[in-house]
Amino acid sequence: MESKTKLTLIKIIHTAIWIFFNFVIFYMLYAAITNKLDRWLWIGYGFIGLEGLILLTFKSHCPLNLLARKYSNSTQDNFDIYLPSWLAKYTKLIYTTIFAIVIIITLYQLLN
């Protein structure tokens, strides 16, 4: 398989995982706001926790990012994912902020 094909495959997988985590985080936000503290919310916490452990293990880099580096010399923030460059650059900050809001709301709902 050619390097370009491998990079395209990595970008497709990385984008699919990003979309999946969008569903997870926004369901968690919805569940926390509506006080729907069901098993799916806690499964979401598990997924986000697992993602956090993976990022910690790989020094704040997604393993797919590191794999894609083998097939690209690009310095663009979105070289490894089908997202606009600004979103790829700030995705961790955006979703960490949303997740912090989810935690705060969940704690509020649990304590009331």
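Along the sequence shown, residues carry numbers from 1.
A side-chain contact (heavy atoms from CB on, under 4.5 Å) with Ile81 is found for one member of Thr15, Thr91, Ile17 and no other, namely Thr15. Tested against Ile105 for a side-chain contact (heavy atoms from CB on, under 4.5 Å), the candidates Ile101, Ile103, Leu107 yield a single pass: Ile101.
A search for side chain to side chain contact (heavy atoms under 4.5 Å, CB included) contacts involving Tyr30 returns Tyr27, Thr34, Lys36, not counting sequence neighbours. Every side chain to side chain contact (heavy atoms under 4.5 Å, CB included) that Lys6 has, sequence neighbours left out, goes to Met1, Tyr71. Listed by chain and number, the residues in a side chain to side chain contact (heavy atoms under 4.5 Å, CB included) with Thr96 amount to none (sequence neighbours excluded). For Asn22, the side-chain hydrogen bond (donor to acceptor under 3.5 Å, both in side chains) partners two or more places apart in sequence, or in a different chain, are Tyr95. Looking at residues two or more places apart in sequence or on another chain, you find a side-chain hydrogen bond (donor to acceptor under 3.5 Å, both in side chains) between Tyr108 and Asn112.
Here the CG atom belonging to Asp77 is positioned 10.5 Å from the CG atom belonging to Leu83, to the nearest 0.5 angstrom. With rounding to the nearest 0.5 angstrom, the CZ atom of Phe99 is 16.0 Å from the NZ atom of Lys92.
When all heavy atoms are compared, the tightest approach of Arg69 to Ser74 is NH1-O, 2.9 Å. Shortest non-hydrogen contact noted between Ser72 and Leu7 is CB-CD2, 3.8 Å.
Residues Ile94 and Phe21 fall within the same hydrophobic cluster, defined by Ile, Leu, Val, Met, Phe, Trp and Tyr side chains chained together at heavy-atom separations under 4.5 Å. Under the 4.5 Å side-chain heavy-atom criterion for Ile, Leu, Val, Met, Phe, Trp and Tyr, Ile25 and Ile104 are members of distinct hydrophobic clusters. Cluster annotation: Phe79 and Leu9 are assigned to distinct hydrophobic clusters (Ile/Leu/Val/Met/Phe/Trp/Tyr, side-chain heavy-atom contacts under 4.5 Å, transitive). Cluster membership for Ile13 and Ile19, using ILVMFWY side-chain heavy atoms within less than 4.5 angstrom, is shared.
Between the side chain of Asn78 and the backbone N or O of Pro84 there is no donor-acceptor pair closer than 3.5 Å. Between the side chain of Thr97 and the backbone N or O of Leu93, at least one donor-acceptor pair lies under 3.5 Å.
More than 12 heavy atoms of other residues, nucleotides or ligands shown are found within 6.0 angstrom of CZ on Phe20.
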Distance-only check: which donor-acceptor pairs under 3.5 Å involve side-chain atoms of residues 39-66, not counting sequence neighbours?
| residue | atom | partner | partner atom | Å |
| --- | --- | --- | --- | --- |
| Tyr45 | OH | Thr106 | OG1 | 2.9 |
| Thr57 | OG1 | Leu53 | O | 2.7 |
| Asn65 | ND2 | Asp80 | OD2 | 3.0 |

